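The residues of the chain are indexed from 1 along the displayed sequence. The analysis underlying the following values was restricted to heavy atoms, covering all of them including side chains, and did not include hydrogens, waters or symmetry mates. Keep in mind that this is a model prediction, so the values were computed, not measured.
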Amino acid sequence: MNKLQEWLQKWLMPIATMLEKQKHLQAIKDGIVGIVPIIIIGSFCLVPTGVGNLIGGGVLEWVNAHNDILTLPTYFTTNIMSLYAVLYIANSLAKRYKIKNVLVGASAILVHLILSVTVTEGAWNVTYLAAEGLFVAIISAIFAVEVVRLCNKYHLTIKMPDSVPPMVADSFSILIPLIIDVVAATAVASLCQTFGGTTFPQVIMNVLAPAISSMDSLPAVMIVVLLTQLLWVFGLHGAAITSSVWAPFAIANATANAAAVAAGQAPTHVFTFGFYYGFLQVSGSGMTLGLVMMMMMSKAKSLKTIGRIGFIPSLFGVNEPIIFGVPLIMNPFLMIPFVFGPVVIAALNYLAMSTGLVGLPLWESPGFLPPGFQAFLLTLDWKAAVMALLNVVLMTVFYYPFFKMMEADELKKEAE
């Protein structure tokens, strides 16, 4: 075990530390996580349509009659989610660079609009402001912030006297970067249209098509979970780091599922944001609720105290008190079940859904709910709630023999 720890620390720790400090990846993560509440609201507006399609009859007739009102918020939430994403990502990256201009986010939105929206006879086509535009939003945000950073670095800004109000000063200091943004974005959009007969978002989607399809696969899900758990072992926030890569794909899948349900069709994707947190993160990373309950009944006073403190947070998916309190970080007793147990759970859950045994995610649902609740809201399938609960039970079985070894070691220390 010690040799395994030494090997992981030698080869993986430097990579993990680098990823945690990488400004762009962390800004992307902040932006994607920031839009989740907006996506949930938009998804819930599609629930009546999905329920109507499932039940049919009078319920479907009523839903269809009031569909314009029921789905109105979706036009301003999920249908333009990339606009919110580009704003959040740009603001997060600007903050990490310590850029204080409040108009940086607005400049990123402008770049994104020029790249993503097509105008035909005065009519806007905003198709690529939805999930399909998330990757362009990432590019737009990073480009806009980097332009500001470089202009500041090389003094290519209009600096006003200190006596000028901050908002006015910001307006003038962003002017040159904004000109560069507009010229560059317009040039790219025009080139795509002139020589490719397409839009920049479509070019990006074509390039990413293999990656998007491969992310919704059993190997990809298992790798994501494995890397997430390994990062936690080093004391790094695993989900926060890895989600900067997989979250855009997962959100795009969730949006596609919700659109299919709204159209009366069956969802097709397993790996969505809700699937990850509603099934693979039940009670938090490592699915530690069973471990917490064993600690609460432990004869070791230290473990019992930590278990009691961490029970309520873990019940609602917040298990940092356990991860850092036990600790699970570089824990020689619990490392194996904490890292590899969730990988097994991920494989079983993916297979259960992909084979039709359990319903697929229909849309996004609220998180931080007790085990089973989010799973049911996500799928409207009682078997999904049972599967989420079984995940906790199975993880408890994984933890049990390793926990008993840790408990014996703690009892020996307390007896000394």
Would Lys159 and Ser173 satisfy side-chain contact (heavy atoms from CB on, under 4.5 Å), going step by step from the backbone distance to the final call? CA-CA 6 Å; Lys159 187 171 178 61; Ser173 66; over 6 Å; no

Rounded to the nearest 0.5 Å, the OG1 atom of Thr77 sits from the CG atom of Leu83 at a distance of 12.0 Å

What pairs of residues pass the side chain to side chain donor-acceptor pair (under 3.5 Å) test when at least one of them lies in residues 181-192, not counting sequence neighbours? none

Quick one: closest heavy-atom pair of Met353 and Gly359, and the distance? CE-O, 3.4 Å

Give a yes or no answer on whether the side chain of Gln229 reaches the backbone of Phe338 with a donor-acceptor pair at less than 3.5 Å. yes

Any side-chain heavy atom of Thr379 within less than 4.5 Å of one from Leu360? no

Can a side-chain donor-acceptor contact be found between His269 and Asn257 if the only test is distance below 3.5 angstrom? no

Between Asn319 and Thr288, is there a side-chain donor-acceptor contact under 3.5 Å, judged purely by atom types and distance? yes

Gap separating the CG atom of Leu394 from the CG atom of Leu389, nearest 0.5 angstrom: 12.5 Å

Checking side-chain contact (heavy atoms from CB on, under 4.5 Å) for the pair Tyr128/Gln202: CA distance, chi angles, key distance, verdict? CA-CA 8 Å; Tyr128 289 108; Gln202 188 59 56; 2.4 Å; yes

Counting neighbours of NZ on Lys304 that are heavy atoms of other residues, nucleotides or ligands and sit closer than 6.0 Å, is the number greater than 12? yes

Mind listing the closest non-hydrogen atom pair of Ser217 and Ser214 along with its distance? OG-O, 2.5 Å

Full working for ring pair (Phe, Tyr, Trp, His ring centres under 6.0 Å) between Phe249 and Phe135: CA-CA 9 Å; Phe249 298 95; Phe135 300 102; 5.1 Å; yes

Rounded to the nearest 0.5 Å, how far does CG of Leu328 lie from CG of Leu291? 6.5 Å

Working for side-chain contact (heavy atoms from CB on, under 4.5 Å), residues Asp30 and Tyr88: CA-CA 7 Å; Asp30 291 343; Tyr88 292 164; over 6 Å; no

In this structure, CG of Asn101 is separated from CG of Leu103 (nearest 0.5 Å) by 5.0 Å

Mutual orientation of the aromatic rings belonging to Phe271 and Trp246 [parallel < 30°, tilted 30-60°, perpendicular > 60°]: tilted

According to the salt bridge (Lys or Arg N to Asp or Glu O under 4.0 Å) rule, which pairs have a member within residues 366-381, sequence neighbours left out? Asp381-Lys383

Closest contact, heavy atoms only, Pro313 versus Gly310: CD-O, 3.4 Å

Heavy-atom pair with the smallest gap, counting every atom of Met406 and Leu303: CE-CD2, 3.9 Å

Any side-chain heavy atom of Val136 within less than 4.5 Å of one from Pro201? yes

Would you say that Asn125 contacts Thr120 through its side chain, given a criterion of any heavy-atom pair below 4.5 Å between the two side chains? no

Answer whether the closest heavy-atom distance between the side chains of Ser92 and Arg96 falls below 4.5 Å. yes

Give me the atom names and distance for the closest heavy-atom approach of Gly341 to Met395. C-SD, 3.5 Å

pair Val326-Phe403: side-chain heavy atoms closer than 4.5 Å: no

Tell me if the centroids of the rings in Phe279 and Phe275 come within less than 6.0 Å of each other. yes

With Trp62, which residues qualify under ring-ring contact (aromatic ring centres under 6.0 Å, His included), at least two apart? His66

Minimum-distance pair of heavy atoms, taken over all atoms of Pro361 and Pro267: O-CB, 3.6 Å

Can you check whether Arg308 reaches Val292 side chain to side chain, under 4.5 Å on heavy atoms? no

Flag yes if more than 12 heavy atoms outside Met293 fall under 6.0 Å of its CE atom; otherwise flag no. no

Gap separating the OG atom of Ser365 from the CZ atom of Phe373, nearest 0.5 angstrom: 12.5 Å

Under 3.5 Å: donor-acceptor pair, side chain of Thr74, backbone of Thr71: yes

Counting heavy atoms not belonging to Tyr97, are there more than 12 under 6.0 Å from its OH? yes

The test is side-chain contact (heavy atoms from CB on, under 4.5 Å); show your working for Tyr399 and Leu334 and say whether it passes. CA-CA 7 Å; Tyr399 279 122; Leu334 300 179; 4.3 Å; yes

Heavy-atom check, side chain of Phe311 versus side chain of Met295, under 4.5 Å: no

Counting C-beta onward and ignoring hydrogens, is there a side-chain heavy-atom pair between Leu129 and Val126 closer than 4.5 Å? yes

Of Met287, Met222, Gln281, which is the lone residue that meets side-chain contact (heavy atoms from CB on, under 4.5 Å) with Pro342? Met287

Out of curiosity, Ile139 CD1 to Leu134 CG, how far, rounded to the nearest 0.5 Å? 11.5 Å

